Every structure is written in structure tokens, then in C-alpha cells.
There are 2 protein chains.
Amino acid sequence: MQTSQGELVRVGELEIRPLEGLVLADGRALVLSVREFDLLLALASHVGRVVSREELYRQAWGGTLRSGDRSCDVYVHKLRTKLERALPQQRFIHTHVGFGYRLDPAQ
Amino acid sequence: MQTSQGELVRVGELEIRPLEGLVLADGRALVLSVREFDLLLALASHVGRVVSREELYRQAWGGTLRSGDRSCDVYVHKLRTKLERALPQQRFIHTHVGFGYRLDPAQ
DNA sequence: CACGTTCTTCACCGCGCGTTCACGACTCGA
DNA sequence: TCGAGTCGTGAACGCGCGGTGAAGAACGTG
């Protein structure tokens, strides 16, 4: 199940506005690139659930993930860095080795 | 009888989501490796009944259990440890000496 | 075209994962 | 009481997955 087009999404202290391409962390605006934003949106459309790299790639990049492509991991890292700098005390993106990633404001 | 493909499985306070590789213990996400997850799934597909090592190995590893292979026991131990840490008051995996293991939220 | 930004790819490395071994506790039958 | 079989448990080890920094390609904007 995906979030419908432009709806506002809340995940913990994060507020994602798909229509504007804007993310607010505790009220303060985050500067994200297009890819970073799409990836966050893909993760946010399955909050609390584990999403495979294939699915994330499909949603954020479009097309199918080629074997050996690490783009997904690299951008998870970039996203993590920015989220962590905005909200140091929280961990949002959790790794599930062998499965994928899970966006969850609660540990 | 096995659980069909992706159905959500509930065992006591455990919620197993086969499609995601995710287990919730009382709502909180558990971090399990692929093997641990598959083993739990194998046990959960026969809740309340004793499952032989051969059957567990067939379901979680694939192929037949070679004599002397202790992988199954080792992973039962790993699973127990994680379940016990998540839900200290309960015992889920019960040993039936000479027969196998039984997953049961009730003693 | 020039320049800054974004994206992809690469390489390195630490750590988690799965397998296997070793030892000890326990049970049961001879 | 002894030996064989079963199971719990910690640890060693090789390997692949994922974290991470950086270089270079591609993009977009003026």
C-alpha cells in the first residue's frame, strides 16, 4: 500500500510534503536532493515495515535494480546523515540485513 | 500444514510478517537474521506441535539434514535468546528430547 | 560554454552471518 | 555405575553484506 500522490506524511518529528518536495524536521526545513527525497518518500510509504532494495529502487529510481548496484545503499547513507544531523537523538532508518530497510521513528 | 505464502502470523505476543522478514514482539521490531527468521517461520507453521529437526531443516534451510549437523540447535538457541530478551516473561520454544522443538506461547 | 550540484560508481573495510567444533550437563539403559 | 546419545552453549573462522569516503560522470542553470 502506498501513500496517495500529494498527501502530507508524518513520521515522528518528520513532516513530508510531497507536493512541495519539502521535508520539515521538527519544524525546520531539510535540504534534500531529488533522489534523497524520493527515497525518503519510498521509505515513508511503508512506515514501520521492512522494504527491500528492489522495491525502494522501483519507487525512487524507477525500473529494476541491477545486481551490484549500490546506489540505494549510498543514498540511505546520505539520508541518514542529513536526518541524523537534523534530529540527533533519533534513528529513523533501520537496516535489516538480508531483507532491506525500515523507516521507523521508534527504535 | 504450512502457512500460505505471505500471511501474517500471530503467536502470542509475536507478530510475524513473512513478506517483510519482520517480527514484532509486543509491537516492537525484532532484528533477526535470515536463518533465524526462516526457522521461526518454520516453527510458527506448526504452532503448538512438535516439529522434528529434519522438518525444520527442510523448511528453513532447504534440502535434508545431514547427520551430525547442529545448525538447527544453534539457531534455536539464537532465536531463544532474542525472543527471551524481547519478552522475558515468556518461553516460546520448548525442547522435546528425541523428537524436536515446539513453538508455543503458553507453557 | 563554464561552473556548481547531483548522481553513479568504485574501492576499502569492518562487522554480521552462517557453519562448525568443542566441552559440559543431562538422560537413559545396560 | 558406566557409557552412549542428546542437547545447551560459547567460541573460532571464513565470507559476503552493508557502511563509508572519494573520484569521476552527468546534469542543470545561467
Side-chain angles (χ1 to χ4, degrees), chain A residues 21-23 29-43 50-85 88 91-104 107, chain B residues 20-23 29-43 50-86 91-104:
Chain A
L22 180 63
V23 179
L30 276 191
V31 178
L32 298 185
S33 76
V34 177
R35 283 273 185 276
E36 290 164 355
F37 186 82
D38 289 345
L39 175 60
L40 178 57
L41 215 51
L43 283 165
V50 178
V51 192
S52 69
R53 285 176 176 74
E54 288 72 19
E55 179 59 25
L56 288 175
Y57 195 87
R58 204 173 302 128
Q59 276 191 245
W61 276 259
T64 47
L65 180 64
R66 294 161 304 147
S67 88
D69 192 330
R70 303 288 310 279
S71 310
C72 209
D73 305 66
V74 172
Y75 268 82
V76 163
H77 176 236
K78 296 187 179 191
L79 243 188
R80 269 178 173 154
T81 304
K82 293 194 177 180
L83 290 178
E84 186 170 333
R85 204 152 56 86
R91 288 189 31 82
F92 285 93
I93 306 180
H94 307 270
T95 305
H96 288 252
V97 178
F99 293 102
Y101 296 100
R102 175 176 54 94
L103 180 67
D104 209 325
Q107 315 296 30
Chain B
E20 301 174 53
L22 181 63
V23 179
L30 277 191
V31 177
L32 297 186
S33 76
V34 177
R35 282 273 184 277
E36 289 164 355
F37 185 83
D38 290 344
L39 175 60
L40 178 58
L41 216 52
L43 284 164
V50 179
V51 192
S52 69
R53 285 176 176 71
E54 288 72 19
E55 179 58 24
L56 287 175
Y57 194 88
R58 204 172 303 128
Q59 276 191 245
W61 276 257
T64 46
L65 180 63
R66 295 161 304 147
S67 87
D69 192 331
R70 302 290 310 281
S71 309
C72 208
D73 304 67
V74 172
Y75 268 82
V76 164
H77 176 237
K78 295 187 180 189
L79 242 189
R80 271 178 172 152
T81 304
K82 293 195 177 180
L83 291 179
E84 185 170 333
R85 202 152 58 86
R91 287 189 29 82
F92 284 93
I93 305 179
H94 307 270
T95 305
H96 289 252
V97 179
F99 294 99
Y101 297 100
R102 175 177 53 94
L103 180 66
D104 210 324

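A quick note: this is a predicted structure, and the numbers were derived from the prediction, not measured. Proteins come first, then strands; the chains are lettered A, B, ... in the order of their sequence lines, and each starts at number 1.
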Check against side-chain contact (heavy atoms from CB on, under 4.5 Å), B:F37 and A:H96: CA-CA 11 Å; B:F37 185 83; A:H96 288 252; over 6 Å; no
Working for side-chain contact (heavy atoms from CB on, under 4.5 Å), residues A:Y57 and A:T64: CA-CA 7 Å; A:Y57 195 87; A:T64 47; 5.8 Å; no
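In this structure, A:H77 atom NE2 and C:dT8 atom C1' are separated by 16 Å, rounded to whole Å. A straight line from CG of B:D73 to P of C:dT19 spans 13 Å, rounded to a whole angstrom. In this structure, CG of B:D69 is placed 12 Å from C1' of C:dC21, rounded to the nearest angstrom. Distance, B:R102 CZ to D:dC7 C1': 17 Å, rounded to whole Å. With rounding to whole Å, A:I93 atom CD1 is found 15 Å from D:dG18 atom P. As a whole-Å value, the separation of A:K82 NZ from C:dT6 C1' is 10 Å. Rounded to an integer number of Å, the gap from A:K78 NZ to D:dG18 C1' is 16 Å. At whole-Å resolution of the value, OH in B:Y57 and P in C:dG18 are 12 Å apart.
Counting heavy atoms from C-beta on, the side chains of A:V23 and A:E36 never come closer than 4.5 Å. Looking at heavy atoms from C-beta onward, B:Q59 lies out of side-chain contact with B:L41 at the 4.5 angstrom threshold. Side-chain atoms of A:L40 and A:L103, non-hydrogen and from C-beta on, do get closer than 4.5 Å to each other.
Distances shorter than 4.0 Å separate none of the side-chain N or O atoms of A:W61 from OP1 or OP2 on C:dC7. Taking only side-chain nitrogens and oxygens, B:R70 never comes nearer than 4.0 Å to OP1 or OP2 of D:dT9. Between B:R53 and D:dC7 there is a side-chain polar atom (N or O) within less than 4.0 angstrom of OP1 or OP2. Contact annotation: A:S33 side-chain N/O to C:dT5 OP1/OP2 distance is not under 4.0 Å. In this model, the phosphate group of D:dG8 is approached by a side-chain N or O of B:Y101 to a distance below 4.0 Å at OP1 or OP2.
Which of C:dT19, C:dT9, C:dC7 sits closest to the side chain of B:V74 comes down to C:dT19.
Along DNA chain C, the nucleotide closest to B:S71 and the one closest to B:V31 are compared, and the more 5′ of them pairs with B:V31.
At a threshold of 4.0 angstrom between heavy atoms, the contacts of A:R80 are confined to the sugar-phosphate backbone, with no base atom among them.
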